[in-house]
J.: 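Dropping a structure here in structure tokens format, bear with me for questions.
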Protein chains: 2
Amino acid sequence: MDDAQHDGYRLDEQVGFLLRRATQRHLAIFAGLIGGLTPTQFAALAKLCEMGPTSQNALGRATAMDAATIKGVIDRLRDKGLVATLPDPIDRRRLMLAPTEAGRAAYDTARPLAQRITADTLAPLTPAEQAAFLALLARLG
Amino acid sequence: MDDAQHDGYRLDEQVGFLLRRATQRHLAIFAGLIGGLTPTQFAALAKLCEMGPTSQNALGRATAMDAATIKGVIDRLRDKGLVATLPDPIDRRRLMLAPTEAGRAAYDTARPLAQRITADTLAPLTPAEQAAFLALLARLG
DNA sequence: CGGGCATCGTTTGCATACGAACAGTTCAGG
DNA sequence: CCTGAACTGTTCGTATGCAAACGATGCCCG
């Protein structure tokens, strides 16, 4: 071993690497339970249903998405018929968003699954550890 | 509030959303301290320096990257002159990788920064919380 | 009231990521 | 020995993500 050359540094101990691995596993679990909707798309749809009609950029901020990113997400949700877009008559810069009937139905269907996805992702931990982990993770946002 | 319609579900409490936010913050910190190298590129370079010469797919597995993903990462590292590639004479399917002089130098320079990136990312937590968080996070991979 | 400034959405370019399909290579078992 | 399974790297398509630049619009303040 040439560990002496590495100052005790290990890639496997760096937060970034661990975050990436955890995200990968979560993504796999998500895809297994919710098909036809990506985590990002679901996040946008969920937040839109929670918030009610909003502008595109505002929804992006609420879901921590770049203006460029939220645009693509909304485009795809609209293509799927889950979100309706119409220009704001008052502020003509704005593009107002609202979930369609199908969008609300998809949200209602996916919501319990989303909770199970969180549960499955955290399954390796005990309930007490899960709560502690979520609390710590929330402070790193 | 129409929380009654949401079964106590909150997007902001789901692991996937929190993981995404934490990853975003980490990425920003990384980009601020290490320029000219992405987290993924650094991970591949670091693991290659730790492991010594390896094949492309093997490095991908060691760094939790798809075969399609590691290809692009290695291509860019080679374009930067940090990694050398040559075909394996024994197994002609394999593409052997090794860090160049510049690659090792870049790794040596970036390694202390990487540790500081981890420290900065975890800064909102106390040292005890940091250790606990990392231990829990590692079990979710 | 008018000009500078901020905000909105859009586009482009780059870099992960993953699934699926592909051709070339190796190897184990019959 | 030879065939089929497994593995290697590649390519394509799709979806995030961010930075930067852009035109259009709204608004504050002098």
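Order of the sequence lines sets the chain letters (A, B, ...), proteins ahead of strands, with each chain counted from 1.
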J.: Hey, does the side-chain of Arg93(A) have a donor or acceptor N/O within less than 3.5 Å of a partner on the base of dT7(C)?
T.: yes

J.: Counting only side-chain N and O atoms of Gln24(B), is one of them less than 4.0 Å from OP1 or OP2 of dG17(D)?
T.: no

J.: Any side-chain N or O of Thr38(A) below 4.0 angstrom from OP1/OP2 of dT16(D)?
T.: yes

J.: Arg20(B) vs Met65(A), test: side-chain contact (heavy atoms from CB on, under 4.5 Å). Steps then yes/no.
T.: CA-CA 10 Å; Arg20(B) 196 159 63 82; Met65(A) 293 180 208; 3.8 Å; yes

J.: Under 4.0 Å between a side-chain nitrogen and a carboxylate oxygen: does that hold for Lys71(A) and Asp75(A)?
T.: yes

J.: Can you check whether Thr40(A) has a side-chain N or O nearer than 4.0 Å to OP1 or OP2 of dA15(D)?
T.: no

J.: With heavy atoms under 4.0 Å as the rule, sort Asp66(A) into base, sugar-phosphate or nothing.
T.: base

J.: With a 4.0 Å cut-off on heavy atoms, is Ile90(B) in touch with a base, just the backbone sugar-phosphate, or nothing at all?
T.: sugar-phosphate

J.: Expressed in angstrom and rounded to an integer, what is the separation of Asp79(B) atom CG from dC14(C) atom P?
T.: 12 Å

J.: Would Val73(B) and Leu77(B) count as a side-chain contact (heavy atoms from CB on, under 4.5 Å) if you check the C-alpha gap in whole Å, the side-chain angles of each, and the deciding distance to 0.1 Å?
T.: CA-CA 6 Å; Val73(B) 174; Leu77(B) 284 176; 4.2 Å; yes

J.: When you get a sec, tell me which of dC12(D), dA19(D), dT26(C) is the closest nucleotide to the side chain of Ala68(A)?
T.: dA19(D)

J.: Rounded to whole Å, please give me the gap between CZ in Arg76(B) and P in dG13(C).
T.: 16 Å

J.: Check whether any side-chain N or O of Arg92(A) sits under 4.0 Å from OP1 or OP2 of dG9(C), and answer yes or no.
T.: no

J.: Which pair of heavy atoms, one from Val15(A) and one from Phe133(B), lies closest together, and at what distance?
T.: CG1-CE2, 4.2 Å

J.: Of the candidate nucleotides dT16(D), dG9(C), dG9(D), which contains the atom at the shortest distance from the side chain of Leu95(A)?
T.: dG9(C)

J.: Using a strict cut-off of less than 4.0 Å between a Lys/Arg side-chain nitrogen and an Asp/Glu carboxylate oxygen, indicate whether Asp79(A) and Arg76(A) qualify as a salt bridge.
T.: no

J.: Does Arg20(A) make a side-chain N or O approach to OP1 or OP2 of dT16(C) shorter than 4.0 Å?
T.: no

J.: Please lay out, stage by stage, how Leu59(A) and Met51(A) fare under the test side-chain contact (heavy atoms from CB on, under 4.5 Å).
T.: CA-CA 9 Å; Leu59(A) 183 61; Met51(A) 294 172 57; 4.3 Å; yes

J.: Just compare dG26(D), dT10(D), dC18(D) and give me whichever is closest to any side-chain atom of Leu27(B).
T.: dC18(D)

J.: Atom NZ of Lys71(A) and atom P of dG23(D): how far apart are they, to the nearest Å?
T.: 18 Å

J.: DNA chain D: Pro89(A) or Gln41(A), which has the more 5' nearest nucleotide?
T.: Gln41(A)

J.: Need one value for Thr69(A): base, sugar-phosphate or nothing, where a base atom within 4.0 Å counts as base even if backbone is also close, heavy atoms only.
T.: base

J.: Check the distance between dA15(D)'s P and Phe30(A)'s CZ and give it to me in whole angstrom.
T.: 14 Å

J.: From CG of Asp75(B) over to P of dC14(C), roughly how many Å is that when rounded to an integer?
T.: 15 Å

J.: Considering only dT10(C), dA15(C), dT16(D), which nucleotide approaches the side chain of Gln56(A) most closely?
T.: dT10(C)

J.: Rounded to the nearest angstrom, tell me the gap between atom CZ in Arg21(A) and atom P in dT16(C).
T.: 18 Å

J.: Quick one: Phe42(B) CZ to dT16(C) C1', roughly how many Å, whole number?
T.: 17 Å

J.: Go nucleotide by nucleotide along DNA chain C from the 5' end; which of Pro39(B) and Asp91(B) gets its closest nucleotide reached first?
T.: Pro39(B)

J.: Would you kindly give the CE-to-C1' distance between Met65(A) and dA15(D), to the nearest whole Å?
T.: 12 Å

J.: Where the side chain of Arg94(B) is defined as all heavy atoms beyond and including C-beta, which of dA6(C), dG9(D), dG17(D) is the nearest nucleotide?
T.: dG9(D)

